[in-house]
Enquirer: 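Got a structure here, written out as structure tokens. Questions coming.
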There are 2 protein chains.
Amino acid sequence: MTLKLDKVNRGPHLSTLVASSISREIAQGRLKPGDQLPTEQALATTFGVSRNVVREAIARLRSEGRIWSQQGRGAFVADAANATVLTIDYEALQRADSFRNLFELRGMLEVQIAALAATRRSDADIEAMEQALDGMRTAPYGSVAWLKNDLGFHRAVAEATQNPYMGQFLVFVSERVRESILAAGNQQKSDDMARTTLGEHERILAAIKAGDAKGASAAMTRHLAGAASRVGLPGGEASAKPASPARHSRLRKAVRGQAAG
Amino acid sequence: MTLKLDKVNRGPHLSTLVASSISREIAQGRLKPGDQLPTEQALATTFGVSRNVVREAIARLRSEGRIWSQQGRGAFVADAANATVLTIDYEALQRADSFRNLFELRGMLEVQIAALAATRRSDADIEAMEQALDGMRTAPYGSVAWLKNDLGFHRAVAEATQNPYMGQFLVFVSERVRESILAAGNQQKSDDMARTTLGEHERILAAIKAGDAKGASAAMTRHLAGAASRVGLPGGEASAKPASPARHSRLRKAVRGQAAG
DNA sequence: AAATCAGGGTTGTATGATAACACGACAAGA
DNA sequence: TCTTGTCGTGTTATCATACAACCCTGATTT
């Protein structure tokens, strides 16, 4: 019984609504960097909520680097470049083009990471990869345990680069991709797929073990092409067409205005 | 006499301390996913603050996806995978190794992005790049305007991939790198450097314009090697000058404003 | 046995009050 | 005139309390 409950309860919290509202004002340019926000009291009355709610919203925006505040002065809009967090809008991932774009980004990271891992891996890294592969062999394809070990393998590869940011970024992107796949929920499973996928991973591991950077990235490329087709994306990688026509070129703001909603 | 007064220890907000404390408990495994947090009242008394402060901290953690809460039940630690934001600790960037790692990640992104841009760029993208280059030509090396156009060039390249996430990620990483460089603040400037840097950019643009993916990534690789040596990283042909310890002079103040929260 | 209801516990929100701080105005002293 | 100290106002930061909404459990009723 696959009860498919919708994941994000779009926060019933008032503070979430207030934060989104202010965020939108910033994203759409009605509040420019350096501008002073209305006082908490004013915001509270205009939104019709208590000052406490406004404070929670501001605390949130502050933690995201969107605004900064100082006791006795007020709250101000921070420079857009100062955003200390990178967020990916969950809603956007439901759109096919966004998903494809994110998948492409993941692929770019993975391929490079595989090559780097091949030149820097330690024995412990190799062992971690083999352990993850073992976990995949004993778990049914597509099960939670399988997915966990799948991600674990890729994380182990990323950690083999000895660069913590690689793993951090890759896991972040991969998780968004995975969520999106689960949300779509239309992948069919078969033992054949399990064997194929496992084989792709094994080839990656073999190349990394051998210290073959070129081979590792090639194997990873093949793996990603396979993964793409398994989730219903047009498989090719190098000659992939632009995910979205040249519309984006003039819309830099669209990229920056992250969670406008 | 430059008297160096350390900024008064204007401690971060209490809610920040509480949030960090809880965050640390989660990161270090003392609070595992699924665990229920103490009640707000309990947290308030143990931390010696009001419940309001605890609520602001929780609002922040909730927005980061680290915990979730439900009215009438309590607050619970979320799965690590559910983190909706990617953050880079500013303090960590002051360490030379972290900086080097982030620079490496940026390089990986840039090189791939350049190749992709060469195959997908539109006329508008090319124009944006040329405009940024013009801006660099007329601004003094290292000035704010120069840096702005420098970043603008790289962003234009990223947007030429027609994949918005490329720009989003690259800009995020680049901004962290830039902040870190400014914090170190001991790069010497010269007209020679300006010419060199400009030349590197021009070669990148030429390759992208020609649709030469290989040439574009090669040019970008050379540019990054040059940039690395210019900021004192052992990356290209330059002597390995040890990364200078961060002297928090001016930036600290600026960052303090943003991070206070 | 099942449905209903009461009670306590927890989070969500509102309200008022106080402390800490920034900033300008203004007067006192040189 | 210039400096300095003081004060008043406005804002954020924090505290304290109260109530509403909600979940869970267990007893009560049907």
Side-chain angles (χ1 to χ4, degrees), chain A residues 5-6 8-22 25-26 31 34-78, chain B residues 5-22 25-26 31 34-78 252-254 256-261:
Chain A
L5 20 102
D6 211 358
V8 240
N9 303 358
R10 229 21 189 175
H13 296 109
L14 288 183
S15 60
T16 302
L17 299 180
V18 173
S20 302
S21 184
I22 297 178
E25 294 294 305
I26 296 176
L31 279 174
D35 283 359
Q36 180 166 10
L37 273 75
T39 69
E40 294 179 349
Q41 190 60 49
L43 287 172
T45 57
T46 61
F47 282 114
V49 298
S50 83
R51 196 179 144 224
N52 230 323
V53 170
V54 171
R55 280 195 61 77
E56 281 182 25
I58 287 186
R60 175 172 166 171
L61 294 175
R62 194 171 39 213
S63 87
E64 293 174 1
R66 288 191 156 88
I67 69 175
W68 58 275
S69 63
Q70 193 175 358
Q71 181 171 121
R73 287 186 64 191
F76 304 83
V77 180
Chain B
L5 302 176
D6 207 359
K7 236 11 201 157
V8 188
N9 185 13
R10 186 155 123 53
H13 305 170
L14 286 183
S15 61
T16 302
L17 298 180
V18 172
S20 303
S21 185
I22 298 177
E25 295 293 307
I26 296 176
L31 278 174
D35 284 358
Q36 180 166 11
L37 272 76
T39 69
E40 294 178 350
Q41 190 58 52
L43 287 172
T45 58
T46 61
F47 282 114
V49 299
S50 81
R51 195 182 144 217
N52 231 321
V53 170
V54 172
R55 279 195 61 78
E56 280 183 25
I58 287 185
R60 173 172 166 171
L61 294 175
R62 193 173 36 217
S63 87
E64 292 174 0
R66 292 192 153 87
I67 70 176
W68 59 275
S69 61
Q70 191 175 359
Q71 182 171 136
R73 286 187 62 192
F76 303 84
V77 180
R252 174 140 187 177
K253 190 189 302 176
R256 219 153 217 313
Q258 316 156 8

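The shown structure was predicted, so the numbers you read here are calculated from the model rather than taken from an experiment.
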Enquirer: Does the pair B/Glu64/B/Arg60 count as a salt bridge with the N-to-O cut at 4.0 Å?
Expert: yes
Enquirer: Can you check the B/Leu43 CG to D/dC15 C1' distance for me, whole Å?
Expert: 17 Å
Enquirer: Specify the separation, in whole Å, of atom CG of B/Leu61 and atom P of C/dT11.
Expert: 14 Å
Enquirer: Are OP1 or OP2 of C/dG12 and a side-chain N or O of A/Ser15 less than 4.0 angstrom apart?
Expert: no
Enquirer: What are the two closest heavy atoms between B/Trp68 and B/Val77, and how far apart are they?
Expert: NE1-O, 4.2 Å
Enquirer: Starting from P on C/dT18, measure out to CD on A/Gln41 and report it in whole angstrom.
Expert: 16 Å
Enquirer: Just how far, in rounded Å, is P of D/dT14 from CD of A/Glu40?
Expert: 11 Å
Enquirer: Just the atom pairs and distances: protein N or O near nucleotides 15-17 of chain C's N or O, under 3.5 Å.
Expert:
| residue | atom | partner | partner atom | Å |
| --- | --- | --- | --- | --- |
| C/dT15 | O4 | A/Asn52 | ND2 | 3.3 |
| C/dA17 | N6 | A/Arg51 | NH1 | 3.4 |

Enquirer: Donor-acceptor pair, distance only, cut-off 3.5 Å: does the side chain of B/Ser20 make one with the backbone of B/Thr16?
Expert: yes
Enquirer: Looking only at non-hydrogen atoms, find the nearest pair between A/Ile58 and A/Glu40 and report the distance.
Expert: CD1-CG, 4.2 Å
Enquirer: Over how many whole Å does the gap from A/Gln36 atom CD to C/dC23 atom C1' extend?
Expert: 12 Å
Enquirer: Hey, does B/Gln70 reach any base, or is it just sugar-phosphate, or nothing, if we go heavy atoms under 4.0 Å?
Expert: sugar-phosphate
Enquirer: Looking only at heavy atoms, which two atoms of A/Ser15 and A/Ala57 are closest? And how far apart?
Expert: O-CB, 3.4 Å
Enquirer: Contact class for B/Leu14 vs. all strands (heavy atom < 4.0 Å): base, sugar-phosphate, or nothing?
Expert: sugar-phosphate
Enquirer: Below 3.5 Å is the cut-off: list the nitrogen or oxygen pairs between protein and nucleotides 4-9 of chain C, distance only.
Expert:
| residue | atom | partner | partner atom | Å |
| --- | --- | --- | --- | --- |
| C/dG9 | N2 | B/Gly72 | O | 3.3 |

Enquirer: Under the 3.5 angstrom rule, does the side chain of A/Gln36 hit a backbone N or O of A/Arg73 as a donor-acceptor pair?
Expert: yes
Enquirer: What is the separation between atom CZ on A/Arg62 and atom C1' on D/dT14, rounded to the nearest whole Å?
Expert: 12 Å
Enquirer: What is the distance from CG of A/Leu37 to C1' of D/dT12, rounded to the nearest Å?
Expert: 13 Å
Enquirer: Are any non-hydrogen side-chain atoms of A/Ile67 and A/Leu31 less than 4.5 angstrom apart?
Expert: no
Enquirer: Within this structure, what is the CD1-to-C1' distance between B/Ile58 and C/dG12, rounded to whole angstrom?
Expert: 12 Å
Enquirer: Decide yes or no for B/Val53 and B/Val18: does some side-chain heavy atom of the first lie under 4.5 Å from some side-chain heavy atom of the second?
Expert: yes
Enquirer: Where do A/Gly34 and A/Phe76 come nearest, in terms of heavy atoms and distance?
Expert: O-CD2, 3.8 Å
